[in-house]
Amino acid sequence: MQSRPQPQLSTVIKGQIFEGFLLVKSSEQRTASNGSKYLDMTLCDKSSEINAKMWDGTVAAPKVGQVVKVRGMMQEYNNRAQLRTDKLREPEPRDEVDMSTLVPCAPEPAQSMKDELYARANAIKDAQLRALVVDRLDACGDKLDYYPAAVKLHHAERSGLLHHTTTMLRAARGLCEVYKQLDADLLAAGIILHDLCKLTEIKASEIGIGSEYSIEGELIGHLVEGVARLESAGERLGVRRELLLMVEHMILSHHDLPEYGSPKRPMFPEAEVLHTLDMLDARMFEMTLALEQVQPGAFTERIWSLERKLYRRKN
């Protein structure tokens, strides 16, 4: 039984011993250059994640999404924090594991965010567009409550897909006040629909951790799968062709460039704004998360998705 709250990973510094429960985000037994076996893991709590090595080749790799108790020393390797793990075991019945300290979660309750999506969908004036968006939301079921928006990077947290979508919707409201030529309902529809097929692209447990991409995710991806699901729903609901094509284009083009998965670039204003808001929200999330890991007046490590370091201001 835990006698006191365990420290958060983000507070553990080089040379300190960490002992406590962590979630397994990735785990693999590997072979070193000298032929010995070792465990290479990514472990996390809600504050941070860390690479962990265990140089005992007899220990089996824990399953992704499993909680483990570890003991080890915080070290650095290539200027990156690394936990040299000496002990590892599964939780026991007598352990009191507080899951709220382990799972990165969206900052708002899932139900309130989901209600916000439905409220905006039901406020769409065009009856066919409203029916299309509500139909696709209904098809998501309870998975939408806990699903992350990614395996790694932006919004890789419990209810992350809802968090990403509601943040974009709120930003869109402000932009539509400035750019009054935008069709606010069309933009809102695109935002709500654009990532829904991450529910099939990613494999995630009910604790909200994405473990890997599904076969559909690897072979098709959420953009193409999203268009296919939308086409089927649109035909079933009798949505007029031009409207359906515009929403499909918004989904297909929201990554903007072929190297990021979009075969078409945005070809009308609402599609352009959808792409911009998607990129902005992802970058704000990644920047905020990275800056929380460093002290004021310090730089982060180079963030590969942003292709740069970040600086945390002192004041």
For this session: Measure from the side-chain N and O atoms of Ser47 to the backbone N and O of Ser10, and report whether any donor-acceptor pair falls under 3.5 Å.
Result: yes
Exercise. For residues Ser305 and Glu286, is any side-chain donor paired with an opposing acceptor at under 3.5 Å?
Worked result: yes
Problem set entry | Flag if over 12 foreign heavy atoms under 6.0 Å of CZ, Arg236 | yes
Exercise. With sequence neighbours left out, which residue pairs that include part of residues 141-166 fulfil the salt bridge (Lys or Arg N to Asp or Glu O under 4.0 Å) condition?
Worked result: Lys114-Asp145
For this session: Can you run down the ring-ring contact (aromatic ring centres under 6.0 Å, His included) pairs that involve residues 292-315, sequence neighbours left out, and say none if there aren't any?
Result: Phe299-Tyr311
Exercise. How would you list all residue pairs meeting ring-ring contact (aromatic ring centres under 6.0 Å, His included) that involve residues 171-197, not counting sequence neighbours?
Worked result: His164-His194, His194-His254
Exercise. Salt bridge between Arg120 and Asp185, side-chain N to carboxylate O under 4.0 Å?
Worked result: yes
For this session: Verify the distance criterion only: is there a donor paired with an acceptor across the side chains of Lys37 and Thr31 at less than 3.5 Å?
Result: yes
Problem set entry | Pair Asp195-His222, side-chain donor/acceptor within less than 3.5 Å | yes
For this session: For residues 107-144, pull every pair meeting ring-ring contact (aromatic ring centres under 6.0 Å, His included), keeping only residues two or more places apart or in separate chains.
Result: none
Exercise. Between Arg312 and Gln295, do the side chains contain an N or O donor and an N or O acceptor separated by less than 3.5 Å?
Worked result: no
Exercise. Should the pair Arg30-Glu28 be classified as a salt bridge under the 4.0 Å nitrogen-to-oxygen rule?
Worked result: yes
Exercise. Can you list the other members of the hydrophobic cluster that holds Met73, where links are side-chain heavy atoms under 4.5 angstrom apart?
Worked result: Ile17
For this session: Over all heavy atoms of both residues, which pair between Gln6 and Phe18 is shortest? Give the atoms and the distance, please.
Result: NE2-CZ, 3.9 Å
Problem set entry | Contacts of type side-chain contact (heavy atoms from CB on, under 4.5 Å), residue Leu244, not counting sequence neighbours | Leu132, Leu230, Glu231, Val239, Arg241, Glu248
For this session: State the CD1-SG distance between Ile220 and Cys197, to the nearest 0.5 angstrom.
Result: 9.5 Å
Problem set entry | Sidechain-backbone polar pair: Ser262 side chain, Leu252 backbone, donor-acceptor under 3.5 Å | yes
Problem set entry | Between Gln8 and Asp45, a side-chain donor and acceptor under 3.5 Å | no
